[in-house]
K.L.:
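So that we are looking at the same thing, I have put the structure below in structure tokens.
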Amino acid sequence: MTDPTSRHMQRYRQRAIDDPSDARLSSPVFHRNGPPLIAALAPWLAGRSGPVVEIGAGTGQHASAFRLAFPALDWRASDPDPLHRASIHAWSAAHGLPHAPALALDAENAWADQSEVAGLGPLAAVVAINVIHIAPFRVAEGIVAGAGKALVHGGLLIFYGPFKENGEHTGEGNKAFDAGLRAENLDWGVRDITEIGALARSAGLGFAALIAMPANNRTLIFRKS
């Protein structure tokens, strides 16, 4: 995965700047979008068991929250950045959760074929939260292709973040956000649900749900048929 620019990385902050041993990073949007996302996905994830891979887990705050909310799932966070993986482990430890090694997956490549993923067995879900708009489109292609390979029959591919619908932004804020992303990196930008749906169909994944979320975000769910 292409490394984010330093300006984007500044959105993650060290949680305890007076304690260099604290590896936890903090994202300012987690507290806003974490609880609504858990509530939106509860009907889809409650009652499921088995391994879940989160792509581009960033600080690891979502990963720990989901492990607490859905204890029957074996939630495995992944991120190509070693500082992010250290933060994932630190947040897990802070919540008293059993250690689950964060995976060093590069979503552009054949991540589902890596031994760490294949060893988990068929996945109950693949989750990407606020990832595909701050990465080249080939990352979205890689996530979907890998999910098509790794998901169990009936397993879910879940995206969360801003999306365009039928070529149109869902609000002026998202339109401005998209312009800022593309100014920062020409390969970034808010993706259209239609183009993600086309990728999903080619990977054997059928549309399952589109859920409106706060701040004009969306939860987009596909199911392996």
Side-chain angles (χ1 to χ4, degrees), residues 1 33-34 36-58 60 62-80 88 92 97-98 100-132 135 137-161 163 191 193-211 213 217-225:
M1 182 185 297
N33 63 27
L37 184 54
I38 289 173
L41 292 181
W44 296 89
L45 295 180
R48 289 180 179 260
S49 60
V52 174
V53 168
E54 180 185 353
I55 301 292
H62 284 105
S64 289
F66 273 79
R67 290 180 69 189
L68 291 167
F70 305 106
L73 295 171
D74 179 14
W75 198 278
R76 297 301 181 96
S78 76
D79 201 286
I88 291 165
S92 178
L97 293 164
L103 307 176
L105 301 184
D106 182 346
E108 285 188 22
N109 298 316
W111 60 270
D113 296 333
Q114 293 192 20
S115 59
E116 308 97 297
V117 177
L120 296 174
L123 303 179
V126 173
V127 179
I129 301 170
N130 286 327
V131 171
I132 60 175
F137 190 68
R138 58 185 177 271
V139 170
E141 294 173 329
I143 292 172
V144 175
K149 291 181 179 180
L151 286 171
V152 69
H153 178 77
L156 303 176
L157 170 60
I158 300 168
F159 289 106
Y160 171 85
F163 286 95
R191 309 304 178 187
I193 288 171
T194 301
E195 61 186 351
I196 303 302
L199 293 178
R201 287 191 299 274
S202 68
L205 307 173
F207 174 80
L210 176 63
I211 305 170
M213 304 294 293
N217 286 316
R218 297 289 187 267
T219 296
L220 180 59
I221 305 176
F222 300 96
R223 182 188 287 113
K224 186 171 182 178
S225 58

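Computation of the quantities below employed the complete heavy-atom set of this structure, encompassing side-chain atoms and omitting hydrogens, waters and symmetry-equivalent molecules.
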K.L.:
To the closest 0.5 Å, what do you measure between CG (Leu37) and CG (Asn130)?
P.N.:
9.0 Å

K.L.:
Taking all non-hydrogen atoms of both residues into account, name the closest pair between Ile143 and Ala128 and its distance.
P.N.:
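Scanning both residues completely, I find the closest heavy atoms to be CD1-CB, 4.1 Å.
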
K.L.:
Check the pair Arg48, Leu156 against side chain to side chain contact (heavy atoms under 4.5 Å, CB included), reporting the backbone distance first and the verdict last.
P.N.:
CA-CA 11 Å; Arg48 289 180 179 260; Leu156 303 176; 3.7 Å; yes

K.L.:
Provide the closest heavy-atom pair for Gln114 versus Ala104 in the form atom of the first, atom of the second, distance.
P.N.:
OE1-O, 4.3 Å

K.L.:
Once rounded to the nearest 0.5 Å, what's the spacing between atom CD1 of Ile158 and atom OG1 of Thr219?
P.N.:
8.0 Å

K.L.:
Drop me the distance from Arg223's CZ to His153's NE2, to the nearest 0.5 angstrom.
P.N.:
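The NE2 atom of His153 is 9.0 Å from CZ of Arg223, to the nearest 0.5 Å.
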
K.L.:
Could you tell me which residues satisfy side chain to side chain contact (heavy atoms under 4.5 Å, CB included) with Ser202, sequence neighbours excluded, listed by chain and number?
P.N.:
none

K.L.:
Taking all atoms of both residues into account, what is the closest heavy-atom pair of Gly121 and Pro51, and its distance?
P.N.:
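Nearest pair, atom of Gly121 first, then Pro51: O-CG, 4.2 Å.
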
K.L.:
Has the side chain of Lys224 got a donor or acceptor atom that lies under 3.5 Å from a matching backbone atom of Leu151?
P.N.:
yes

K.L.:
How far does CZ of Arg191 sit from CZ of Phe159, to the nearest 0.5 angstrom?
P.N.:
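Separation between the atoms: 11.0 Å.
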
K.L.:
Looking only at heavy atoms, which two atoms of Gly146 and Ala112 are closest? And how far apart?
P.N.:
O-CB, 3.5 Å

K.L.:
Going by side-chain contact (heavy atoms from CB on, under 4.5 Å), Tyr160 matches just one of Ile129, Val127, Ile132. Which one?
P.N.:
Ile129

K.L.:
Determine whether Val52 and Leu45 satisfy the following criterion, side chain to side chain contact (heavy atoms under 4.5 Å, CB included), listing intermediate values before the conclusion.
P.N.:
CA-CA 10 Å; Val52 174; Leu45 295 180; 5.6 Å; no

K.L.:
Nearest 0.5 Å, please: how far is CD in Glu116 from CH2 in Trp111?
P.N.:
12.0 Å

K.L.:
Restricting to pairs with a member in residues 69-80, which pass side-chain hydrogen bond (donor to acceptor under 3.5 Å, both in side chains), not counting sequence neighbours?
P.N.:
Glu54-Trp75, Asp74-Arg76, Asp79-His84

K.L.:
Determine the minimum heavy-atom distance between Leu73 and Ala124, stating which atoms define it.
P.N.:
CD2-CB, 4.3 Å

K.L.:
Can you name the closest pair of heavy atoms from Pro122 and Val152 and give their distance?
P.N.:
CB-CB, 3.7 Å

K.L.:
Show, in sequence, the C-alpha distance, side-chain angles and deciding distance for Asn33 and Met213, and conclude whether the side chain to side chain contact (heavy atoms under 4.5 Å, CB included) test is met.
P.N.:
CA-CA 8 Å; Asn33 63 27; Met213 304 294 293; over 6 Å; no

K.L.:
Could you grab the distance from atom CD1 of Ile196 to atom CZ of Phe222, nearest 0.5 Å is fine?
P.N.:
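Taking CD1 in Ile196 and CZ in Phe222, the distance rounds to 7.0 Å.
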
K.L.:
Is a side-chain N or O of Ser225 found less than 3.5 angstrom from the main chain of Gly204, in a donor-acceptor match?
P.N.:
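Judged by distance alone, yes, a pair lies under 3.5 Å.
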
K.L.:
Side chain to side chain contact (heavy atoms under 4.5 Å, CB included) for Phe66 and Leu41? Distances and angles first, verdict last.
P.N.:
CA-CA 10 Å; Phe66 273 79; Leu41 292 181; 3.8 Å; yes

